[in-house]
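Read the structure below first, then the notes.
All values reported here derive from a predicted model rather than from experimental measurement. Heavy atoms only: backbone and side chains are in, while hydrogens, waters and symmetry mates are out.
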Amino acid sequence: MILAAAMNPEAFSGAQDAIVRMRRGDPDALTAVISRYQHRLYRYLLRLVREPAAADDLFQQTWLRVMEKIGRYDARRNFESWLFSVAHNLAVDAWRGKRGESLDETVDFGEAPDDRLHAGHPDALERLLDFERGAMLAACMQALPGIHREVLTLRYEEDMKLEEIAQVAGIPLSTVKSRLRRALEGLRAAMEARSPGRKGA
């Protein structure tokens, strides 16, 4: 999606036009902007809060807040970074409202159940291994602290630059680099701990 938009200047200018129209109060423009960002924004929120119902609520709140603040949006600023920073702030507020929970804590989900390998399919083993690697990566990422899930999501799923992540999270660039390094180290350690070759060790 990101690559397609980057290779299609008309899509980018269309998005910019919709943002300008949205600032003027055009309701159709809001639909166009939501359509452009809805999947990525929801995925980001789900990575942060890990609960679909909470992500749904934050998704709705984000767009309401965007409509409230769009008149104050600085058009010289990257809209995507601004949008994600609105979502970030709402997610942080939601986490603060939950007793005993923090974006810094890890979660242990335990082992995911194994799928059964069906005979008679030549590529079944490879598909199973790919699925298990993907499921293991997702489980390991889910167990990371929220601040680490956030930087990994923004960097590798949203393809944001480190400077843009700093804007979204409202933190210095040096903190982004530190969090990203720790997130990758934590993810690597979690993957190694779950690796079948390590179970007997």
Side-chain angles (χ1 to χ4, degrees), residues 1-2 37-66 77-78 80-114 130-199 201:
M1 180 188 290
I2 297 166
Y37 291 105
Q38 64 182 349
H39 299 297
R40 293 171 56 200
L41 182 64
Y42 180 77
R43 178 178 62 190
Y44 166 71
L45 289 166
L46 189 59
R47 286 276 191 256
L48 273 184
V49 299
R50 294 187 295 232
E51 297 171 6
D56 286 338
D57 288 343
L58 287 167
F59 180 84
Q60 300 294 334
Q61 290 176 41
T62 297
W63 289 111
L64 289 172
R65 188 66 56 87
V66 164
R77 185 176 175 189
N78 181 301
E80 185 175 295
S81 297
W82 181 74
L83 172 65
F84 278 78
S85 69
V86 170
H88 165 87
N89 291 335
L90 288 168
V92 168
D93 289 345
W95 274 92
R96 283 182 184 149
K98 287 186 173 185
R99 286 182 147 196
E101 294 193 25
S102 164
L103 283 175
D104 295 340
E105 70 183 13
T106 57
V107 174
D108 182 14
F109 285 100
E111 293 293 323
D114 291 333
D130 285 343
F131 174 82
E132 287 182 346
R133 280 190 290 263
M136 184 168 69
L137 179 63
C140 289
M141 187 165 169
Q142 284 292 84
L144 293 175
I147 56 174
H148 293 168
R149 293 194 309 272
E150 178 178 39
V151 293
L152 287 173
T153 298
L154 293 175
R155 181 69 188 97
Y156 297 107
E157 291 183 324
E158 298 307 324
D159 200 28
M160 286 190 182
K161 296 177 181 175
L162 299 183
E163 294 81 3
E164 292 172 326
I165 297 172
Q167 289 178 7
V168 169
I171 55 177
L173 181 59
S174 59
T175 304
V176 172
K177 291 177 180 176
S178 173
R179 285 185 184 177
L180 187 58
R181 186 182 69 252
R182 289 178 184 162
L184 289 169
E185 288 170 356
L187 191 60
R188 188 179 300 115
M191 291 287 286
E192 287 175 359
R194 286 173 176 256
S195 174
R198 305 267 306 182
K199 286 184 177 177

* **Rounded distance (nearest 0.5 Å) linking atom CZ of Arg149 with atom CG of Leu46** => 9.5 Å

* Structure fact -> Heavy atoms of Val49 and Ala54 approach each other most closely as CG2-CB, 4.0 Å

* Rounded distance [0.5 Å steps], OG1 in Thr153 versus CD1 in Ile165 -> 9.5 Å

* To do: To the nearest 0.5 Å, tell me how far Asn78 CG sits from Lys161 NZ.
  => 9.0 Å

* Given side chains that start at C-beta, do those of Leu154 and Glu164 come closer than 4.5 Å, heavy atoms only? -> no

* To do: Measure the spacing between NE2 of His148 and CG of Leu184 and express it to the nearest 0.5 Å.
  => 9.5 Å

* Asked: Do Ser178 side-chain atoms and Thr175 backbone N/O form a donor-acceptor pair below 3.5 Å?
  -> no

* Asked: Roughly how far apart are Met160 CE and Ser81 OG, rounded to 0.5 Å?
  -> 5.0 Å

* How far apart are the closest heavy atoms of Gln167 and Ser85, and which atoms are they? -> O-CB, 3.8 Å

* **Student check: side-chain heavy atoms of Leu48 and Leu58 closer than 4.5 Å** => no

* Asked: Under a 4.5 Å cut-off applied to non-hydrogen side-chain atoms, are Tyr37 and Trp63 in contact?
  -> yes

* Structure fact -> Shortest non-hydrogen pair, Ala183 vs Leu144, comes out as O-CD1, 4.0 Å

* Kindly indicate whether the side chain of Val168, heavy atoms from C-beta on, has any atom under 4.5 Å from the side chain of Glu158. => no

* **Least distance between heavy atoms, Leu45 atom then Ala55 atom** => CD1-O, 4.0 Å

* To do: Would you mind reporting whether Glu157 and Tyr44 have side-chain heavy atoms less than 4.5 Å apart?
  => no

* To do: Please step through side chain to side chain contact (heavy atoms under 4.5 Å, CB included) for the pair Ile171 and Arg179, ending with a clear verdict.
  => CA-CA 10 Å; Ile171 55 177; Arg179 285 185 184 177; 3.5 Å; yes

* Structure fact -> On a heavy-atom basis, the closest approach of Leu83 and Thr62 is CD1-CG2, 3.9 Å

* How would you list, by chain and number, every residue that makes a side-chain hydrogen bond (donor to acceptor under 3.5 Å, both in side chains) with Glu80, sequence neighbours excluded? -> Arg40

* Measure the shortest side-chain to side-chain distance between Arg43 and His39 over non-hydrogen atoms and say whether it is less than 4.5 angstrom. => no

* To do: Look only at the side chain of Arg50 and the backbone of Gln142, and say whether a donor-acceptor pair between them is shorter than 3.5 Å.
  => yes

* Nearest 0.5 Å please: distance from the CG atom of Leu180 over to the CZ atom of Arg155. => 7.5 Å

